[in-house]
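Values in this document were obtained by computation on a predicted structure and should not be read as measured data. Order of appearance sets the numbers: ligands from 1, and atoms from 1 within every ligand.
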Amino acid sequence: MAATASSLSLLFAHPHSRQSSTPQRFDRSHLRFPLRARCASDGASASGSTTATKHRRPAEENIREEAARLRGPATTFSAWYEPFPPTSDGDPNERYSLDDVVYRSTSGGLLDVRHDMEALARFPGSYWRDLFDSRVGRTTWPYGSGVWSKKEFVLPEIDSDHIVSLFEGNSNLFWAERLGREHLGGMNDLWVKQCGISHTGSFKDLGMTALVSQVNRLRRAPLSRPINGVGCASTGDTSAALSAYCAAAGIPAIVFLPADRISLQQLIQPIANGATVLSLDTDFDGCMRLIREVTAELPIYLANSLNSLRLEGQKTAAIEILQQFNWQVPDWVIIPGGNLGNIYAFYKGFEMCRELGLVDRVPRLVCAQAANANPLYRYYKSGWTDFKSLVAETTFASAIQIGDPVSIDRAVVALKATDGIVEEATEEELMDATALADLTGMFACPHTGVALAALFKLRDRGIIGTNDRTVVVSTAHGLKFTQSKIDYHDKNIKDMLCQYANPPISVKPDFGSVMDVLQKKLNVDETRFLRLF
Ligand SMILES: Cc1ncc(COP(=O)(O)O)c(C=O)c1O
Ligand SMILES: N[C@@H](CCOP(=O)(O)O)C(=O)O
């Protein structure tokens, strides 16, 4: 049914409207809430002991109902939208409730989710570390999720019953032992954060659980907002994540995809999950412009990372990395960048932990771009003086084929604050890096290849040292991008040597032919070999 003008104006808060209530101030009577929440949710005692009485929930109850039964008093923590970055010329009081549907500030700039840091800071860093550690790997609703195990830092006020989670996050930190030792000059502390080994095969799940949960809260009583669907423009991963989370919640999803620019594996995901899929004869930037226009007119909630809610979920990957290193801070974190929300999300996660005393510093960030889609790299090279959007050229790293990144300003803040670096990778560099990673046991996507190629360059230049603890963020599963691997190993890429290609060998089905091939391949000296037997 078409939405009326009045329902639309109710739904889409005008940027001039202010949040009616100021964020809830800290109330001492609730000081013990998080400790109680922990006891209730996972059986750990307030002192961190795990020997508290174990119970099993009644058979007729599911984990959501169990969580509702055990729920403690209302949270004392809060978060809201603020203009990004907070500027001296804007209205210092401009802020919006997270229940408003608003993506831009009055000046037309970006928004950011701000947390009541004063309330969070009443608990020492050790408290938050223990609390988060106590929740890892459980099925307790919603803390079994790597995102919601950090709920107080994400969306503190959302009712657990409104959360739409597929227990995302808690992804592996892969020790890239052989790649570091044999191909990166003996690096012994090289890690790959496998954000792509997840429900829909990319890091987007982390942000989408936050965003779709908030939409679910808005649509359900008592708010009952008339949101008819959730939409995004996508290079294939955002659309897959949005479709899966919407399907899980029973919310209509609408995705705008650039025709013939995403992989078949990505395309089938929203189709299978029942989304409305529009294939448009334009690039991602064209789709992005269209979805912004459409969501300004129709009661469709915008799910791209322009919407800062997404970044609240994505930032938990950074917190998870700290946690996986037992709250020690790596020296470098390398992240492939496209629309540039994720680099800021990582910064936000690290910086929040620093500010609240969970750790004492933040790592240096590297943003890696494909040379064929490198507006941030060019901006960085100009000494941050001259940003120009561009028409991105085709790249094997198709999910970052973006020329006009929405979060350019966020990326600059993240990089400046962390003494960061921007690096680029040619098609050959990114494909070779991907192939090398695969040959040492990974199955990397081309975007991870971009980040790895940046690492190779920074090692060559001596900027990243042999013993620097370095984390490369793998953003998607390699299985989503098999065609690029097939072409590479087939040596079927124009003007590319494909030096690590490992094509299959066609062999006649007889013993002699098979033996010939294997002896040659394994360098077997037949006479020596026969003497052994
Ligand atoms: C697989 C993959 N890697 C990296 C990125 C880049 O993330 P961001 O757009 O937040 O910079 C994207 C999406 O843009 C992606 O889908
Ligand atoms: N790679 C993304 C591009 C859109 O980024 P978003 O983070 O703004 O949604 C995709 O998969 O669509």
Side-chain angles (χ1 to χ4, degrees), residues 103 110 193-198 200-208 210-211 230-244 255-258 261-263 265-267 269-270 283-289 291-292 295 302-311 313-315 317 334-348 365-370 373-377 392 395-408 410-411 414-415 422 425 430 434 444-452 454 472-481 484:
Y103 314 118
L110 295 163
K193 178 66 174 164
Q194 298 277 29
C195 294
I197 301 184
S198 71
T200 69
S202 88
F203 72 97
K204 305 285 179 174
D205 293 348
L206 304 176
M208 216 49 87
L211 184 135
V230 190
C232 72
S234 183
T235 52
D237 291 325
T238 297
S239 43
L242 176 65
S243 306
V255 305
F256 288 11
L257 302 177
R261 286 178 168 90
I262 72 170
S263 77
Q265 293 85 349
Q266 289 174 310
L267 176 61
Q269 291 183 287
D283 58 7
F284 168 80
D285 299 297
C287 291
M288 191 69 221
R289 280 190 290 275
I291 194 76
R292 282 169 67 172
T295 52
L302 180 67
N304 283 103
S305 59
L306 172 67
N307 186 330
S308 46
L309 277 179
R310 279 262 312 280
L311 307 183
Q314 286 172 214
K315 80 181 180 196
I334 308 177
I335 304 164
N339 221 11
L340 301 179
N342 211 27
I343 182 92
Y344 180 67
F346 268 77
Y347 165 65
K348 224 180 157 187
L365 298 184
V366 178
C367 190
Q369 293 210 295
N374 62 355
L376 179 74
Y377 178 76
T395 166
F396 283 109
S398 55
I400 53 176
Q401 190 184 328
I402 296 173
D404 191 9
V406 159
S407 290
I408 184 75
R410 291 173 174 147
L415 289 159
V422 186
L430 77 90
T434 307
C445 74
H447 321 84
T448 308
V450 171
L452 287 166
V472 171
V473 177
S474 176
T475 46
H477 202 299
L479 283 172
K480 284 182 141 190
F481 300 92
S484 62

Any V406 heavy atom less than 4.0 Å from ligand 2: no

Contacting atoms of ligand 1, where contact means under 4.0 angstrom from a heavy atom of I400: 4 (C), 5 (C), 6 (C), 12 (C)

Those atoms of ligand 1 less than 4.0 Å from some heavy atom in T475: 1 (C), 2 (C), 3 (N), 4 (C)

Considering all heavy atoms, the nearest D237-A476 contact: OD2-CB, 4.2 Å

Location of contacts on K204 toward ligand 2, heavy atoms closer than 4.0 Å: side chain

Identity and separation of the nearest protein heavy atom to atom 1 (C) of ligand 1: D237 OD2, 3.1 Å

Ligand-side contact atoms (ligand 2) for residue partner R310, heavy atom cut-off under 4.0 Å: 6 (P), 7 (O), 9 (O)

Distance filter under 4.0 Å to P336 heavy atoms, resulting ligand 1 atoms: 4 (C), 6 (C)

Polar proximity ligand 2 side, S234 side, N/O cut 3.5 Å exclusive: yes

Subset of ligand 1 atoms that lie under 4.0 Å from at least one heavy atom of A476: 1 (C)

Geometric N/O contact A399 with ligand 2, under 3.5 angstrom: yes

Residue G341 vicinity, atoms of ligand 1 by number, heavy atom under 4.0 Å: 8 (P), 10 (O), 11 (O)

Contact atoms of ligand 1, heavy-atom distance to G337 under 4.0 Å: 11 (O)

Residue portion contacting ligand 1 (non-hydrogen atoms closer than 4.0 Å) for N339: both

With F481 via ring pair (Phe, Tyr, Trp, His ring centres under 6.0 Å) - residues at least two apart: H447

Proximity of Q314 to ligand 1 by residue part, where a heavy atom lies under 4.0 Å: neither

Residue part near ligand 2, for D237, under 4.0 Å between non-hydrogen atoms: both

